[in-house]
Protein chains: 2
Amino acid sequence: MKYKAATIKDIAQALHLSTSTVSRALRDSHEISAATKQLVLDHAAKLNYHPNPIALSLKEKKSGSIGVIVSEIANSFFSQTINGIESVANEKGYTVIISQSHESFEKEVRTLHYLASRSIDGLLISVSSATKDLTQLKALHQYGFPIVFFDRIVEDIATHKVMVDNFQGAYNATMHLLAEGYQRIACITNSAHLSITRERVAGYVAALEKHGISSHPSLIKYCFHGGMLLDEVTAAVNQLMKAKPRPDAIFTTSDKLTTGCMRALKKAGVAIPGEIALTGFSNSELIELLHAPITVVRQPAFEMGRVATELLLQLIESKRPVKDFDTRILQTELITAPEVPAKKKGRK
Amino acid sequence: MKYKAATIKDIAQALHLSTSTVSRALRDSHEISAATKQLVLDHAAKLNYHPNPIALSLKEKKSGSIGVIVSEIANSFFSQTINGIESVANEKGYTVIISQSHESFEKEVRTLHYLASRSIDGLLISVSSATKDLTQLKALHQYGFPIVFFDRIVEDIATHKVMVDNFQGAYNATMHLLAEGYQRIACITNSAHLSITRERVAGYVAALEKHGISSHPSLIKYCFHGGMLLDEVTAAVNQLMKAKPRPDAIFTTSDKLTTGCMRALKKAGVAIPGEIALTGFSNSELIELLHAPITVVRQPAFEMGRVATELLLQLIESKRPVKDFDTRILQTELITAPEVPAKKKGRK
DNA sequence: CTGAAAGCGCTAACAC
DNA sequence: GTGTTAGCGCTTTCAG
């Protein structure tokens with residue numbers, strides 16, 4: 001059962017005009033008499049006429065929609081980013097088509113093809129933790145297809161990029177743990193493929209070194225699936241718990257890892273912050289309600305979405321090929337948990 | 001800068017064939033010789049040809065996309081539902097266009113027009129808490145436009161609907177509180193416009209009555225914005241805290257209200273479950289990590305998304321007008337929190 | 001087996 | 001000021 005919309009032709013026939021006259025009247029062209037315009041407008045209203053965007057797209061060779069690929073919308077960081085994306089896109093009359101990769105490379109590629117074939121005008125993407133092969137993205141990019149990366153950047157594709165100062169965010173978080181007296185700080189992080197992983201781990205290592213502590217590879221755990229699989233995080237946590245001497249704190253580099261880690265610690269019966277402290281990246285709004293209201297690194301997600309979308313639309317609407325690309329770095333915020341007296345330990 | 005895709009015409013010219021032959025070859029028509037087919041297919045591959053979906057849509061008068069309107073994707077329940085929707089839609093080759101109403105009626109109407117004008121083939125909607133005027137939805141529905149309601153149903157529009165047994169879910173939650181010995185149970189709920197509000201409140205009242213307790217209007221607080229505004233929830237909580245005698249438990253009827261209530265109680269310095277117990281609808285995965293791991297009513301969100309989408313596609317693909325509509329009722333699950341000894345009080 | 005032509009809804013030269 | 005025509009990419013009669 002189909003909804004049959006009124007077309008310009010319907011109006012033209014009813015009014016004994018040509019379609020072009022109607023079209024022009026509708027677009028308020030100066031070469032149409034006021035009388036005719038009124039006639040057309042009235043009839044259009046009566047028929048509840050709406051231009052068919054598909055026909056328009058065919059003609060203009062643009063669809064008015066942009067694609068977004070994130071790993072998971074059920075993730076505070078991404079849903080906040082999407083809100084930012086949506087706010088700019090709607091403002092400018094674009095539709096947003098959201099797709100999830102669920103941290104699977106295969107799903108990402110499929111989605112990519114799908115979106116590209118759905119004739120979107122541009123793409124915003126935060127690559128999956130499993131993405132190591134960039135063939136598809138590069139091909140698309142080489143065709144001149146507008147792409148903007150956000151959060152999880154791909155370094156060797158030259159286009160606009162938006163991210164936070166990952167190094168600094170991780171550095172601050174680790175420094176915070178050090179300042180509280182923790183000394184043996186482990187790190188649970190995402191797939192090593194990701195730019196954010198490298199940068200965040202570097203920040204963590206730098207903070208340790210600043211305190212004269214050398215990082216230990218066995219205390220850095222990479223989760224290939226970025227915490228999508230709880231088992232992976234649990235395994236990492238359990239290994240850390242068995243290390244001798246046992247770490248007294250953990251730094252996690254993403255939302256999913258932070259909550260996954262809490263879950264694993266809870267299951268293992270390890271108290272936070274009593275037995276081990278935890279600090280990590282997270283944009284979850286429930287953090288303050290958690291059993292252990294930990295200190296978190298918060299990213300300006302909404303802002304990131306806005307900026308990325310502005311850059312993308314700029315790319316899309318540019319008349320000539322853009323050759324000069326921006327990399328926008330936003331700042332993170334360290335939201336410190338209320339002091340838990342029992343937490344202090346060690347020297348200092 | 002635009003990506004110029006190959007068209008059937010390009011292939012036809014290169015091969016000195018007509019566009020219709022190419023078109024047929026591509027669709028593997030039986031009336032094309034194997035040789036020609038091979039020729040066309042090879043060349044199509046070489047040119048990385050992909051049919052233009054917009055041209056197809058124009059012709060077929062269907063876009064292959066469905067619209068979804070929810071209040072907020074940054075809400076566990078809705079993001080899980082969307083995953084369910086996506087899974088069915090992708091399986092069947094449909095694109096999902098997600099829009100948020102942010103619990104605003106104006107935004108919802110704007111979105112509705114927008115989606116309708118973007119020529120989506122059908123709509124899945126969970127109305128906003130502020131929706132009281134159904135003119136737009138009814139108009140769309142009367143034109144024969146396929147719509148399926150989920151979660152927040154609109155009763156007087158005859159189409160497929162998917163929801164949980166709200167009455168039973170609320171009843172079970174309230175009975176759980178009663179069984180634990182709480183007697184003066186308040187209720188913080190959504191806008192009174194919503195079907196789910198009425199049903200959940202009814203379940204709550206029925207449970208109380210089952211225990212010979214009559215419900216008291218002053219203990220039922222309606223939040224018009226469904227918890228989108230924390231102030232609204234805070235005000236409700238504060239009023240309840242001032243009631244004499246003070247309630248010993250609160251039942252909340254949605255995700256946003258449940259967490260909002262926890263936030264408000266925390267700010268007011270009221271301990272859960274020490275000073276007041278809390279139970280409510282929630283699909284958040286962080287519940288078990290909360291300071292007070294409360295008992296929650298969980299909805300089969302993913303499943304709800306799947307079912308709703310199946311019904312919608314059925315509507316879309318039906319040859320003749322559907323007159324026989326389903327209302328699918330799914331069951332909720334009561335996830336009880338681990339016993340906190342201090343919680344028991346009162347008789348029983 | 002293949003081609004020519006029309007049409008989906010709309011806009012934009014190009015007439016008159 | 002208004003009409004005619006062509007064309008966006010594709011499918012589909014209708015002819016050969």
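Quick note on labels: first sequence line is chain A, next is B, and so on, each numbered from 1.
For the side-chain contact (heavy atoms from CB on, under 4.5 Å) test, residues two or more places apart in sequence or in another chain that qualify with A:Ser65 are A:Ser63, A:Thr95, A:Ile97, A:Ile120. Every residue two or more places apart in sequence or in another chain was checked for a side chain to side chain donor-acceptor pair (under 3.5 Å) with A:Ser191, and none qualifies. A:Lys138 is linked by a salt bridge (charged side-chain N to carboxylate O under 4.0 Å, His left out) to A:Asp156, counting only residues two or more places apart in sequence or in another chain. Not counting sequence neighbours, B:Gln142 has no partner by the side-chain contact (heavy atoms from CB on, under 4.5 Å) test. Under the side chain to side chain donor-acceptor pair (under 3.5 Å) criterion, B:His102 pairs with B:Glu72, sequence neighbours left out. Under the side-chain contact (heavy atoms from CB on, under 4.5 Å) criterion, B:Thr111 pairs with B:Ile69, B:Ser99, B:Lys107, B:Leu115, not counting sequence neighbours. Partners of A:His141 by ring pair (Phe, Tyr, Trp, His ring centres under 6.0 Å), not counting sequence neighbours: none found. Among residues two or more places apart in sequence or in another chain, the side chain to side chain donor-acceptor pair (under 3.5 Å) test is passed with B:Arg24 by none.
Between the CD1 atom of B:Ile54 and the P atom of C:dC10 there is a distance of 15 Å, rounded to whole Å. For the pair A:Arg24 CZ and C:dA12 P, the interatomic distance rounds to 10 Å; values are reported in whole Å. A:Leu58 places its CG atom 13 Å from the P atom of C:dC8, with the value rounded to the nearest Å. One interatomic measurement links the two molecules: CD of B:Glu60 to C1' of D:dT12, which rounds to 11 Å at whole-angstrom precision. One can place CG of B:Leu26 at 9 Å from P of D:dC10, the figure rounded to the nearest angstrom. In this structure, A:Leu56 atom CG and C:dT11 atom P are separated by 5 Å, rounded to whole Å.
Recorded end-axis angle for the helix from C:dC1-D:dG16 to C:dC16-D:dG1 stands at 60°, based on five pairs per end and rounded to 10 degrees.
Screening residues 36-58 of chain B for salt bridge (charged side-chain N to carboxylate O under 4.0 Å, His left out), with sequence neighbours left out, gives B:Asp28-B:Lys37.
Closest approach to the A:Lys59 side chain among C:dG9, D:dC10, C:dA13 is made by C:dG9 (side chain taken as heavy atoms from C-beta onward). Closest approach to the B:Tyr49 side chain among C:dC10, D:dT4, D:dC10 is made by D:dC10 (side chain taken as heavy atoms from C-beta onward).
Remark: B:Lys61 is in phosphate contact with C:dG9, judged by side-chain N or O atoms under 4.0 Å from OP1 or OP2. Taking only side-chain nitrogens and oxygens, A:Lys9 comes nearer than 4.0 Å to OP1 or OP2 of C:dC8.
Against DNA chain C, the stretch residues 11-21 of chain A makes heavy-atom approaches under 4.0 Å through A:Ser20. The stretch residues 27-45 of chain B touches DNA chain C through B:Glu31, B:Ile32, B:Ser33, B:Thr36, each having a heavy atom under 4.0 angstrom from the strand.
Salt-bridge formation is detected for the pair B:Arg306/B:Glu310: a Lys NZ or Arg NE/NH1/NH2 atom is positioned less than 4.0 Å from an Asp or Glu carboxylate oxygen.
Summarising the geometry of A:Ser129 relative to A:Glu103, their closest heavy-atom pair is N-OE1, 2.7 Å, with the distance given to 0.1 Å.
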